[in-house]
Amino acid sequence: MSDNPQPPESSDWKPPAAKQTTLDAFPDLLKPYVEALAEEVHNQWARRRHEEGWRYGPERNDRLKETPTMVAYRDLSEEEKAYDRATALATLSFLIDRGLIFGDEPKAGDPRGNSLVEWLNSQNKLNARRVEQIWESRDPETWKQEPQAYRFLARLASGFGAPFLSYDIAAEGYALRREHFSDRTVFSDLGNQQGLSLLETGALDGARQLIQSLKTDGLANADTAGLEGRIYKALGHHEADPEKRRQHFNRSIEAYAGPFERAYRRYREQGEVSAAGEAYYLGINVATLSLFAGEGESSREVAIRVKAVCLETLRADEAEGRESPHWLLATLGEAELLLRELESARRYYRRVVELAGKQVRVLNSMRRQAVQIARHMGMNRTEIEAWFNPPLVLVIHDPGSPRLLEASLKALLVEEPASVVEVYGTLSTQNELAAWSLLHRAGYSLFPTLPLGRKQTLEQFSSGQEQAEIREILHAADRLIGEVTDIGEGERLPLAYFHQYLEGQVALRSESLSARVRRVILGAELASAPASPLISIWHAGDLEVEAVAAAEHPVVDPISAGQPVVARSPWVIRAMLFSDAKGYAELDTAALQIFNEAYLGVIGAVTDAYDDQLLSKRTAGDGLFLVFDRLESAVRLALDLKDGLAKVNWNALGIPGTLATRTSLDAGPVLVYHDPVMHKPEVAGPFVNRAARIEPITPLGEIYVSETFAALVRANRITGVQFEYAGVHILPKGYGSIPLYRMARTSGL
């Protein structure tokens, strides 16, 4: 070793200029924390000094280790406090700039007088993740006093393309309408927003029930009429029978036509300029639905009227120097498409794409409508779809090759940067860390999966810089996919579970967004990519997969870049069903005897057909617990059981009509063991416990499934079943809250 080591390359380094931060520049709600953080900065400094042997002294003496600042923060001079405050201000400023903190929401009775809506308006760098954080950390008592906050946040979530989150927010707010009956406009908006979210997630029955609730409560308005029209339009598109389809479209036209004619008269005959927007919104729906109902001439006549209103509004905006809203241009594009003016339609639609940016919900709705019109008019749908920028869900995977270059991934993103709305993938290797870091720096919405869990993922990487990068990515992530926190220390769930969950989530999300999916293997040619559960899932589903590889130099060492070695896990993926009959406890002796024969008879007949696919079968009174080797068997049996029980006329058998069943399904890794008492296989683990908690909150006559179950079903390409989002539900006995879906049969099963 040299006696004269060379100075480091940064020996001439000078610290960057400090950002000038003052207390006045901070959000009001953060200001009280500056002094508290300054005190903690001093306390931390004092703790270190105390460990090193320093104590109080009237003057600083390094030999005796004495200093006058070894006192409580309150006894420091103002000059000394200023140093600690500067550190506190710099720390908070750093976190605010990166969107990591936003300040606490005001609480009920806040003496500062802040309202929730004012506080929400003051937040910067809001995105879907931050909206979700605000929602999850809310103070229910404060929010109940300000229903406007629910409306504000629900609209934000919807605008960020998060209909599930928007539904949860709007539903809780709408439930307060009895207590705040004077805020009619707010609750009309909340009800319509809730219905819109249900519509966007495919829950058409739930949306129709919401419309009825709005009407019953006297809260229906013009937006409700538009929502009802959209529901019947969606039902028409889902209906296979031509006559029923036409009836649905006509019901939709009825919802729009009356309000359109009234708004059109106010604009044309009474000169009410403000009625123009209402007229062209309602009118374009009448025109398009008339086309769908087979009334081409009526469609064309209304489209001409709508186009005229839109062009007049557009010219007025231009004359006043105003920027026209994107929905005006979208309406013009749709009217021109109905009139077969394709070049003009394309021009207006392209302008909307530029204006809307990443407003996924807006772009999806516009694109779906245009494609449906093209299909009904016999146009080239591919050509029409090319006018838009369909959202893209990107899935990245590193099978262990060391040949990933940043340039390769950058090229993929540059190809369609505005399209990528969300990125999914695993995070466990150096290649994947390099990719996620790049994606994080580029500002994409991240949904990583950690097959090894947080702790071991960090332990996989030796350098402090890599660990810091991982922590930053995890903090910035919109959501961690498939994270399990309640298994034993050192336990490892099977890698296949995380990969199936990941692919299933991508499938559910792409359905919700009507998005394209690109599945990318990083750093390897397809033919030479090593096997992994995720690649096997892609191949089994005959899904399109592409490789991003480069022949230049590798960015990481080939030994450390490979897929991490995961010990064989004792956990296996299984599906579980719980079912019971509400009203069973009230049956008298005679009814119990009939119930045991009829109810258990149906269960016996259905389950017997699946005996070779059941790992375990248990009954207790009206309760039923089944464990399946295969997800598809769980899906089919649950639907058969619901149909079989629905056919029984309980009243005719002498059993009260209040008797009804509810069924829940969950899936995930479980431990399989041999029960020495019953002498048969049984299962245990957190997923079994969670499955038992879903059934009690399932509505009567319904099948509710966990998000995990729905994702695994989608990952395994099980067809003929549909899932409607049912919101986030609080599970009994302290098991937290989870998203649930309503499962139903489609015509294919």
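By convention here, the first residue in the shown sequence is residue 1. The figures here come from the full heavy-atom set of this structure, side chains too, leaving out hydrogens, waters and symmetry mates.
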Could you report the tightest heavy-atom contact between Val517 and Ser510, atom names first, then the distance? CG2-CB, 3.6 Å

Given side chains that start at C-beta, do those of Leu577 and Val627 come closer than 4.5 Å, heavy atoms only? no

Is the distance between the ring centroids of Trp327 and Tyr281 less than 6.0 Å? no

For Gly229, does its backbone N or O pair with a side-chain atom of Ser252 as donor and acceptor, under 3.5 Å? yes

Partner residues of Phe260 under the ring pair (Phe, Tyr, Trp, His ring centres under 6.0 Å) criterion, sequence neighbours left out: Tyr264

Could you give the distance from OG1 (Thr185) to CG (Leu190), rounded to the nearest 0.5 Å? 11.0 Å

Answer yes or no: is there a side-chain heavy-atom contact under 4.5 Å between Tyr174 and Ile169? no

Min side-chain heavy-atom separation Leu624-Asp580 under 4.5 Å: no

So which pairs with a foot in residues 194-218 pass ring pair (Phe, Tyr, Trp, His ring centres under 6.0 Å), sequence neighbours left out? none

Would Lys215 and Glu228 count as a salt bridge (charged side-chain N to carboxylate O under 4.0 Å, His left out) if you check the C-alpha gap in whole Å, the side-chain angles of each, and the deciding distance to 0.1 Å? CA-CA 11 Å; Lys215 291 179 177 179; Glu228 186 172 22; 3.1 Å; yes

Can we call the ring centroids of Phe687 and Phe709 under 6.0 Å apart? no

Identify, with sequence neighbours excluded, every residue that meets salt bridge (Lys or Arg N to Asp or Glu O under 4.0 Å) alongside Asp643. Arg745

For residues Leu198 and Tyr167, determine if any side-chain heavy atom of one lies less than 4.5 Å from a side-chain heavy atom of the other. yes

So, Ser158 side chain and Ala154 main chain: donor-acceptor pair closer than 3.5 Å or not? no

Check whether the side chains of Thr449 and Thr426 place a donor and an acceptor atom closer than 3.5 Å, and report yes or no. no

Ring pair (Phe, Tyr, Trp, His ring centres under 6.0 Å) partners of Phe723, counting only residues at least two apart: none

Atom of Ser706, atom of Ile738 and distance for their closest heavy-atom approach: CB-CD1, 4.3 Å

Below 4.5 Å, heavy atoms only, C-beta onward: do Gln193 and Arg151 meet side chain to side chain? no

The criterion is ring pair (Phe, Tyr, Trp, His ring centres under 6.0 Å); which residues satisfy it with Tyr424, sequence neighbours excluded? Phe447

Taking all non-hydrogen atoms of both residues into account, name the closest pair between Ser664 and Thr698 and its distance. CB-OG1, 4.0 Å

Any side-chain heavy-atom pair of Ile718 and Leu631 under 4.5 Å: yes

Keeping the roles fixed (side chain from Thr288, backbone from Asn285), state whether a donor-acceptor pair exists under 3.5 Å. no

Between Leu199 and Ala207 the two heavy atoms that sit nearest each other are N-CB, 4.3 Å

Spatial distance of atom OH (Tyr280) from atom OG1 (Thr331) [nearest 0.5 Å]: 6.0 Å

Under 4.5 Å between any side-chain heavy atoms of Arg662 and Glu695, yes or no? yes

Look only at the side chain of Arg714 and the backbone of Ala711, and say whether a donor-acceptor pair between them is shorter than 3.5 Å. no

Any donor-acceptor pair under 3.5 Å from Ser579 side chain to Thr663 backbone: no

Distance only, no hydrogens: is a donor on one side chain within 3.5 Å (strictly under) of an acceptor on the other, for Glu172 and Tyr150? yes

To the closest 0.5 Å, what do you measure between CG (Leu450) and CD1 (Ile481)? 10.0 Å

Are any side-chain N or O atoms of Glu146 and backbone N or O atoms of Val117, one a donor and one an acceptor, separated by less than 3.5 Å? yes

So, the side chain of Asn221 versus the backbone of Asp223: is there a donor-acceptor pair under 3.5 Å, distance only? yes

How many angstroms lie between CZ in Arg155 and CG in Asp189, if you round to the nearest 0.5 Å? 4.5 Å

Verdict with supporting geometry, Arg690 and Thr708, side-chain hydrogen bond (donor to acceptor under 3.5 Å, both in side chains): CA-CA 11 Å; Arg690 189 180 75 174; Thr708 310; 2.9 Å; yes

Under the criterion side-chain contact (heavy atoms from CB on, under 4.5 Å), I'd like the reasoning laid out for Ser213 against Arg177: C-alpha separation, chi angles, the key distance, then a yes or no. CA-CA 11 Å; Ser213 173; Arg177 63 193 183 280; 3.6 Å; yes

Rounded to the nearest 0.5 Å, how far does CG of Leu394 lie from CG of Leu446? 10.5 Å

Reported CG-to-CD distance for the pair Asp666 and Glu707, which is rounded to 0.5 angstrom: 11.0 Å

Closest heavy-atom pair and its distance - Gly668, Tyr497: CA-CE1, 4.2 Å

Residues which pass ring pair (Phe, Tyr, Trp, His ring centres under 6.0 Å) with Phe388, listed by chain and number, not counting sequence neighbours: Tyr349

Check whether any side-chain heavy atom of Arg742 sits under 4.5 Å from a side-chain heavy atom of Ile703, and report yes or no. no

Between Ile573 and Leu712, does the side-chain contact (heavy atoms from CB on, under 4.5 Å) criterion hold? Intermediate values first, please. CA-CA 10 Å; Ile573 300 173; Leu712 294 180; 4.1 Å; yes

Smallest separation among heavy atoms of Val713 and Val721, with atom names: CG1-CG1, 4.0 Å

Give the intermediate values and the outcome of side-chain contact (heavy atoms from CB on, under 4.5 Å) for residues Ile284 and Tyr256. CA-CA 9 Å; Ile284 197 64; Tyr256 287 115; over 6 Å; no

Please determine whether side-chain contact (heavy atoms from CB on, under 4.5 Å) holds for the pair His475 and His440, giving the CA-CA distance in whole Å, both sets of side-chain angles, and the decisive distance to 0.1 Å. CA-CA 11 Å; His475 191 92; His440 172 49; over 6 Å; no

